[in-house]
Novice: 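Please read through the structure below; I'll follow up with questions.
The first residue in the sequence is number 1, and the count goes up from there. Just so you know, these numbers use all the heavy atoms, side chains as well, and skip hydrogens, waters and symmetry mates. Note that this is a predicted model, so its numbers are computed, not measured.
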Amino acid sequence: MMTAALQVAGGVGSCPAPLNHLPAGGRPQRRQAVAALHALPDPARAVASATVTEEEEGKVRLGGSGVAVTKLGIGAWSWGDTTYWNDSEWDERRLKEAQAAFDASIDNGMTFFDTAEVYGTALMGAVNSESLLGDFIRERQRKDQVEVAVATKFAALPWRFGRGSVLSALKKSLDRLGLSSVELYQLHWPGIWGNEGYLDGLADAYERGLVKAVGVSNYNEKRLRDAHARLKKRGVPLAANQVNYSLIYRTPELNGVKAACDELGITLIAYSPIAQGVLTGKYTPENPPTGPRANTYTPEFLTKLQPLMNRIKEIGGSYGKSPTQVALNWLTCQGNVVPIPGAKNASQAKEFAGALGWSLTGDEVEELRTLAREIKGIKMPIEES
């Protein structure tokens, strides 16, 4: 295939062969692919050219920013949390497992980590996720020099007003992380009010060098376009929109968010890419998840999911891959998507790494999408606000 670059800008479809995996004699095809970029609109070119320039390093550029990250990141929502994860308990065993997950991620080539100021807030014995990530980075760097890309988020709480609140929160996040800057700073969700001020605060942080790129999260198409336009006036690229996206939650494809990201040159960062563990195949109607997840992934839902899971397992078997790896690879095949599954332990991190370096066929991608259309019942109202 000629155009891995065009695939990134083009949206859904098959996973093309990366340009650096062309067969012998493929250099003319590479030149054609690079030349083809000039036929694209400027924002799409910014996204597509990232594939040409970063592919060989196993990284992708976040939108039109100068930040390149690994094609698969790691979400740190569960680290330190006691409200949704970890059976409402954070202890020494879980701490050691989280640190092992961090180290295994680094060892397996995944150096992009996403956290937030509200992950692991001081409730019920929780420990702040930013603080844990900062500790893990420092401890690892005592052993060897590693480059880690960190993304964190501003919580648009109702009592926070104006651009100054963004800078104030960011500085506290940097203190917890023990860093002078982060690669990506995102608005975690749309505020009830004050969103223009928040965007101005992002631009201020970017101009002051406190962040290398800025993004938003849980933004619908209209909010995304408005944010892009406002930041563009300041000369600041909107690098990413982080939304819930998985094989069984494809709302970004249906509500215009994915298409807008591709059009504007904004990377879509996919959280819950394995549907909070449901696409691992671990859960069945007889063995549903516990805790808050049980409200969404009920035995009835899991019964409807079984035909899709059976086919995922069959396809995975033909590649020697697990259902988790198939589900993550399906997302990377959509182009312009960086999945960030959450790793609680080292074995999960190692499994995630196996989602890279191979590709589903176009027919397999579409077959799984067709089967997944039969799965109903997941709703995330935040993206409709």
Side-chain angles (χ1 to χ4, degrees), residues 72-91 93-102 104-105 108 110 114 119 244-250 270-333 339-356 358 360 364 367-369 371-372 374-380:
L72 201 68
I74 297 295
W77 177 17
S78 69
W79 295 358
D81 179 73
T82 59
T83 56
Y84 196 91
W85 301 102
N86 303 310
D87 298 320
S88 301
E89 182 181 3
W90 186 253
D91 54 21
R93 175 182 64 82
R94 290 179 173 87
L95 172 62
K96 290 179 179 178
E97 289 180 344
Q99 184 160 10
F102 173 84
S105 299
N108 286 274
M110 297 173 293
D114 178 83
Y119 292 168
N244 190 335
Y245 187 25
S246 70
L247 179 55
I248 59 172
Y249 186 79
R250 297 176 321 287
Y271 71 77
S272 295
I274 50 176
Q276 299 182 0
V278 170
L279 289 173
T280 65
K282 174 181 178 179
Y283 301 109
T284 65
E286 297 75 32
N287 178 41
T290 58
R293 289 178 293 169
N295 297 324
T296 299
Y297 304 112
T298 62
E300 293 77 16
F301 178 91
L302 293 169
T303 298
K304 296 176 184 177
L305 185 65
Q306 291 315 294
L308 173 63
M309 289 307 307
N310 290 338
R311 185 60 183 136
I312 288 174
K313 291 174 183 176
E314 290 173 0
I315 292 173
S318 69
Y319 290 96
K321 298 294 180 178
S322 69
T324 297
Q325 292 163 340
V326 171
L328 291 172
N329 190 270
W330 185 90
L331 272 179
T332 65
C333 283
I340 51 166
K344 288 183 172 182
N345 54 55
S347 63
Q348 289 180 350
K350 292 174 185 176
E351 184 178 18
F352 297 157
L356 299 175
W358 63 283
L360 295 166
E364 289 164 341
E367 179 187 2
L368 292 177
R369 178 180 281 108
L371 286 170
E374 302 301 315
I375 311 300
K376 312 290 183 184
I378 305 178
K379 193 173 181 65
M380 300 290 169

Novice: Testing the 3.5 Å rule here: is there a donor-acceptor pair between the side chains of Gln276 and Tyr271?
Specialist: no
Novice: Before you tell me yes or no, could you show the steps for Met309 and Leu279 under side chain to side chain contact (heavy atoms under 4.5 Å, CB included), namely the whole-Å CA-CA distance, both residues' side-chain angles and the distance that decides it to 0.1 Å?
Specialist: CA-CA 7 Å; Met309 289 307 307; Leu279 289 173; 3.9 Å; yes
Novice: Please step through side chain to side chain contact (heavy atoms under 4.5 Å, CB included) for the pair Asn329 and Leu356, ending with a clear verdict.
Specialist: CA-CA 7 Å; Asn329 190 270; Leu356 299 175; over 6 Å; no
Novice: Of all the heavy-atom pairs spanning Thr284 and Gln306, show the shortest one and how long it is.
Specialist: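 Taking Thr284 first and Gln306 second, the nearest heavy atoms are CA-NE2, 4.4 Å.
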Novice: Please verify the inter-ring angle class for Trp330 with Tyr245; under 30° counts as parallel, over 60° as perpendicular, anything in between as tilted.
Specialist: perpendicular
Novice: Roughly how far, to the nearest 0.5 Å, is the CH2 atom of Trp77 from the NZ atom of Lys344?
Specialist: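 With rounding to 0.5 Å, NZ (Lys344) is 10.5 Å from CH2 (Trp77).
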Novice: Mind checking the OG-CZ spacing from Ser105 to Phe352? Nearest 0.5 Å is all I need.
Specialist: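 Interatomic distance, Ser105 OG to Phe352 CZ, rounded to 0.5 Å: 8.0 Å.
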Novice: Measure the shortest side-chain to side-chain distance between Leu302 and Pro289 over non-hydrogen atoms and say whether it is less than 4.5 angstrom.
Specialist: yes
Novice: Where do Asn287 and Lys282 come nearest, in terms of heavy atoms and distance?
Specialist: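 Closest approach of Asn287 to Lys282, heavy atoms only: ND2-O, 3.4 Å.
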Novice: I need the Thr280 OG1 to Glu351 CD distance, nearest 0.5 Å.
Specialist: 7.5 Å
Novice: Could you tell me if the side chain of Ile248 sits less than 4.5 Å from the side chain of Phe301, heavy atoms only?
Specialist: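 Sidechains of Ile248 and Phe301: in contact.
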Novice: Between Thr332 and Pro339, is any pair of side-chain heavy atoms under 4.5 Å apart?
Specialist: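 Result yes, sub-4.5 Å side-chain heavy-atom pair found.
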Novice: In sequence, state the C-alpha distance, the side-chain angles, and the governing distance for Leu247 and Leu331, and then conclude on side chain to side chain contact (heavy atoms under 4.5 Å, CB included).
Specialist: CA-CA 7 Å; Leu247 179 55; Leu331 272 179; over 6 Å; no
Novice: Any chance you could measure Lys350, atom NZ, to Asn345, atom CG, to the nearest 0.5 Å?
Specialist: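 Between Lys350 NZ and Asn345 CG, I get 9.5 Å after rounding to 0.5 Å.
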Novice: Using only atom types and a distance under 3.5 Å, with no angle test, would you say the side chain of Ser322 pairs donor to acceptor with the backbone of Gln325?
Specialist: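 Yes, the answer is positive, given that a donor and an acceptor are paired below the 3.5 Å cut-off.
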Novice: Measuring only between side-chain heavy atoms, which start at C-beta, is Ser246 closer than 4.5 Å to Ser272?
Specialist: no
Novice: Is any side-chain heavy atom of Leu360 closer than 4.5 Å to one of Tyr319?
Specialist: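 Contact flag for Tyr319/Leu360 side chains = yes.
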Novice: Check the pair Glu97, Arg93 against salt bridge (Lys or Arg N to Asp or Glu O under 4.0 Å), reporting the backbone distance first and the verdict last.
Specialist: CA-CA 6 Å; Glu97 289 180 344; Arg93 175 182 64 82; 3.2 Å; yes
Novice: Let me see the working for Leu328 and Ile274 under side chain to side chain contact (heavy atoms under 4.5 Å, CB included), right down to the final yes or no.
Specialist: CA-CA 7 Å; Leu328 291 172; Ile274 50 176; 3.9 Å; yes
Novice: Drop me the distance from Leu308's CG to Glu367's CD, to the nearest 0.5 angstrom.
Specialist: 9.5 Å
Novice: Starting from the C-alpha separation in whole Å, work towards a yes-or-no answer on ring pair (Phe, Tyr, Trp, His ring centres under 6.0 Å) for Trp79 and Tyr119.
Specialist: CA-CA 8 Å; Trp79 295 358; Tyr119 292 168; over 10 Å; no
Novice: For the OH atom of Tyr297 and the CG atom of Leu305, what is their distance to the nearest 0.5 Å?
Specialist: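 One finds 9.5 Å between OH of Tyr297 and CG of Leu305.
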Novice: Which heavy atom of Lys313 sits nearest to which heavy atom of Pro323, and what is that distance?
Specialist: CG-CG, 3.7 Å
Novice: Give me the atom names and distance for the closest heavy-atom approach of Ala101 to Ala343.
Specialist: CB-O, 3.6 Å
Novice: Report yes if some heavy atom in the side chain of Thr324 is under 4.5 Å from a heavy atom in the side chain of Pro341; otherwise report no.
Specialist: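 In short, these two side chains do not touch, never coming nearer than 4.5 Å.
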Novice: If you compare all heavy atoms of Ala353 against all heavy atoms of Asn108, which two are closest, and at what distance to 0.1 Å?
Specialist: CB-CB, 3.7 Å
Novice: Taking the side chain from Lys304 and the backbone from Glu374, do they hold a donor-acceptor pair closer than 3.5 Å?
Specialist: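 No; judged by distance alone, with no hydrogens or angles, the pair does not exist.
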Novice: Taking all non-hydrogen atoms of both residues into account, name the closest pair between Val326 and Gly316 and its distance.
Specialist: CG2-CA, 3.5 Å
